Amino acid sequence: MNANEPREQGAGGWSQFGDQPPSAGGFPRQDTVRMNQPPPPPKPPKQGLSVGRKAIAGLALAAMAVGGGAVGAVAATSFQDTRVVSAPSPVFKQASSQLTVAEVARKVQPSVVMIQGQTGEGSGVVLSDDGLILTNNHVVVGAGQGGQMTVKFNDGKTAKATVVGTDPSTDLAVIRADGVSGLTKASLGDSDQIQVGDSVLAIGSPLGLDGSVTAGIVSALNRTVTVGGEQEQQQQVPPGWGQQQQQGQESETTTLGDAIQTDAAINPGNSGGALVNAAGQVIGINSAIATNGGSSGNIGVGFAIPVNTAKQVSDQLISGGKVTHAFLGVSVTDATGDVPGALIRQVTSGSPADKAGLKQGDLITKIGNTPVEGGDTVVGQVRGFKVGQQVQITYMRDGKSSNVTVTLQEKK
């Protein structure tokens, strides 16, 4: 397998497609006593919580306030004789800049569109107020050969769209909606900052239901996913291709590196839509789901292209209509021994790998910061690197582990 070309995929069932914080509540207020009136008779002591129990109860209330995302201000009341000063209402402050689910949805929905074409339906993310939209390559496939696309916006309006550029290697594309202005462009986050367990929303048009929102978490990072080619195994029609593709036709194979895994429900039609964080920033472009090889539909595992990769690719597509890709210069296959990795079958003469001293038979066990589980990992990682980037590769030769730094070149 060539590390810069799609890797053939066997059976596996990958399918491509693509609280409010507690409202501020006041403490009980004391009735104000008229200054010229005699004091009320003292009340008999109540049988209630001991001092220790009161402290525990107070801690529990404080914990509830912090757990709900707000910190309650402590209000103290001074008692002197019978003169009682009214207790001020507490001030609640947010413990973080996170928004509620409803607030995130309202913020992002105007920036996510539905894309309808001859080959199926998908979603897209608005990049500019004059109609540039980011989506998946497999959503717009066919449009480059004269296919027609229609974009439906959150307010129900529609517009025709044309292809600006596509990049099958990363399954990304940019289109332009014709004759539009004043669109709400998406706020792009930093996918390098996300962590496993972060809350996310997936927004798109699953099953043709535009503007749909599902919630979940980031369940894993740095996944390498090979998608496409499933028609040969008589599996489901890939999302974004629609039902016009016949069984027995094989879709293109694409290996995605550094994919974000999420349990937010993703279904056919979500392809090209937004995966957003709790601040309402796009951190990924939804692109694939994992299935059991049966009927189409989400089973709880979806994958998104990191937005940092998507931004890098879209910038090149907008400026020049094409994308330059990094080149390592090795052909690899999965290791068969006890040590996981990618076995180098061939090294291209004069390539970055050749110049760095890698040889046929070396076992790559780590590339960059990512452990290598097989050949797909190398393919996916190389596609995510930039031309000229220096990458450290860990490999084994004759049972000894070594490191080498490779400077990646442009793929010709």
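As the structure is a computational prediction, the values presented were derived from the model and not from experiment. All heavy atoms count here, side chains included; hydrogens, waters and symmetry mates do not.
No donor-acceptor distance shorter than 3.5 angstrom exists from the side chain of Asp171 to the backbone of Pro168, with no hydrogens or angles considered. Side-chain N or O atoms of Asn286 include none that pairs as donor or acceptor with a backbone N or O of Ala304 at under 3.5 Å. Listed for the Thr100 side chain is a donor-acceptor partner under 3.5 Å among the backbone atoms of Glu103. Listed for the Gln360 side chain is a donor-acceptor partner under 3.5 Å among the backbone atoms of Arg345. Using a distance-only test at 3.5 Å, with no hydrogens or angles considered, no donor-acceptor pair links the side chain of Thr158 to the main chain of Val151.
A donor-acceptor contact under 3.5 angstrom links the side chains of Asp376 and Thr226, judged on distance only. For the residue pair Asn136/Ser287, the side-chain donor-acceptor check at 3.5 Å is satisfied.
Atom OG1 of Thr333 is separated from atom CG of Leu343 by 7.0 Å, given to the nearest 0.5 angstrom. The structure places OG of Ser212 at 9.5 Å from CG of Asn267, a figure rounded to the nearest 0.5 Å. The distance from the CG atom of Asn270 to the CG atom of Leu207 is 8.0 Å, given to the nearest 0.5 Å. Separation of atoms OG (Ser169) and CZ (Arg383) is listed at 4.5 Å; rounding is to 0.5 Å. To the nearest 0.5 Å, atoms CZ (Arg223) and CG (Leu256) are separated by 14.0 Å. Note: Glu121 CD to Gln116 CD = 5.0 Å, rounded to the nearest 0.5 Å.
Between Val113 and Ile115 the shortest side-chain heavy-atom distance falls below 4.5 Å. Counting heavy atoms from C-beta outward, Thr162 and Ile175 have side chains that stay 4.5 Å or more apart. Side-chain atoms of Thr255 and Val225, non-hydrogen and from C-beta on, never get closer than 4.5 Å to each other. Under the 4.5 Å side-chain criterion, counting only non-hydrogen atoms from C-beta, Asp263 is not in contact with Val301. When side chains are defined from C-beta on, Thr365 counts as touching Met396, because their heavy atoms get closer than 4.5 Å. Using a 4.5 Å cut-off on side-chain heavy atoms (C-beta onward), Val330 and Thr348 make no contact. Within the 4.5 Å cutoff, side-chain heavy atoms of Ser314 are placed close to those of Leu127. Between Ile285 and Leu134 the shortest side-chain heavy-atom distance falls below 4.5 Å.
For Ala356 against Val404, the heavy-atom pair with the smallest separation is O-CG2, 3.1 Å. Smallest separation of non-hydrogen atoms from Thr214 and Ala265: OG1-O, 2.8 Å. In plain terms, the two heavy atoms of Thr407 and Pro352 that are nearest each other are O-CB, 3.3 Å. When every heavy atom of Ala326 is checked against every heavy atom of Leu408, the shortest pair comes out as CB-CD1, 3.8 Å. Here the shortest heavy-atom pairing between Ala215 and Leu201 reads CB-CD2, 3.4 Å. The minimum heavy-atom distance linking Leu172 with Thr309 is given by the pair CD1-O, 4.3 Å.
Exactly one of Asn222, Asp258, Asn369 qualifies for a side-chain hydrogen bond (donor to acceptor under 3.5 Å, both in side chains) with Gln381. That residue is Asp258. If you run side chain to side chain contact (heavy atoms under 4.5 Å, CB included) between Met149 and each of Val163, Ile133, Asp178, only Val163 comes through.
With sequence neighbours left out, Leu183 forms a side-chain contact (heavy atoms from CB on, under 4.5 Å) with Val126, Phe153, Val180. Taking Asn308 as the reference, Asp190, Ser191, Asp192 meet the side-chain contact (heavy atoms from CB on, under 4.5 Å) condition, with sequence neighbours excluded. Residues satisfying the side-chain hydrogen bond (donor to acceptor under 3.5 Å, both in side chains) test with Asp338, not counting sequence neighbours, are none. Asp198 meets the side-chain hydrogen bond (donor to acceptor under 3.5 Å, both in side chains) test with no other residue; sequence neighbours excluded. Looking at residues two or more places apart in sequence or on another chain, you find a side-chain hydrogen bond (donor to acceptor under 3.5 Å, both in side chains) between Thr324 and Gln316. With sequence neighbours left out, Lys107 forms a side-chain hydrogen bond (donor to acceptor under 3.5 Å, both in side chains) with no residue at all. By the side-chain contact (heavy atoms from CB on, under 4.5 Å) test, Asn154 is found to be paired with Gln109, Pro110, residues two or more places apart in sequence or in another chain being considered. Legend: residues meeting side-chain contact (heavy atoms from CB on, under 4.5 Å) with Asn277, ordered by chain and number and at least two apart, are Ala279, Gln281, Ile283. With sequence neighbours excluded, no residue forms a salt bridge (Lys or Arg N to Asp or Glu O under 4.0 Å) with Asp354.
Applying the salt bridge (Lys or Arg N to Asp or Glu O under 4.0 Å) test to residues at least two apart or on different chains, the pairs with a partner in residues 203-220 are Lys152-Asp210. Listed by first then second residue, pairs satisfying salt bridge (Lys or Arg N to Asp or Glu O under 4.0 Å) with a partner in residues 153-169 number zero, not counting sequence neighbours. Residues in residues 309-318 take part in these salt bridge (Lys or Arg N to Asp or Glu O under 4.0 Å) pairs, two or more places apart or across chains: Lys311-Asp315.
Arg397 has a carboxylate O that lies under 4.0 Å from a charged side-chain N of Asp362, or vice versa, which qualifies the two as a salt bridge.
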> Is there a side-chain contact (heavy atoms from CB on, under 4.5 Å) between Ile260 and Phe303 once you walk through the steps?
Replying inline: CA-CA 5 Å; Ile260 303 167; Phe303 299 92; over 6 Å; no
> Can you list the steps and then say if Thr135 with Ser123 is a side-chain contact (heavy atoms from CB on, under 4.5 Å)?
Replying inline: CA-CA 7 Å; Thr135 185; Ser123 306; 5.9 Å; no
>> If you apply the rule side-chain hydrogen bond (donor to acceptor under 3.5 Å, both in side chains), what do you find for Thr405 with Gln390, and how did you get there?
In response: CA-CA 6 Å; Thr405 299; Gln390 291 187 327; over 6 Å; no
> side-chain contact (heavy atoms from CB on, under 4.5 Å) between Leu132 and Val174: does it pass, once the steps are laid out?
Replying inline: CA-CA 7 Å; Leu132 287 173; Val174 174; 4.1 Å; yes
> Does the side-chain contact (heavy atoms from CB on, under 4.5 Å) test come out yes or no for Ile367 and Val391, once each step is laid out?
Replying inline: CA-CA 7 Å; Ile367 181 166; Val391 179; 3.9 Å; yes
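The 12-atom threshold is exceeded at CD of Gln312, counting heavy atoms of other residues, nucleotides or ligands nearer than 6.0 Å.
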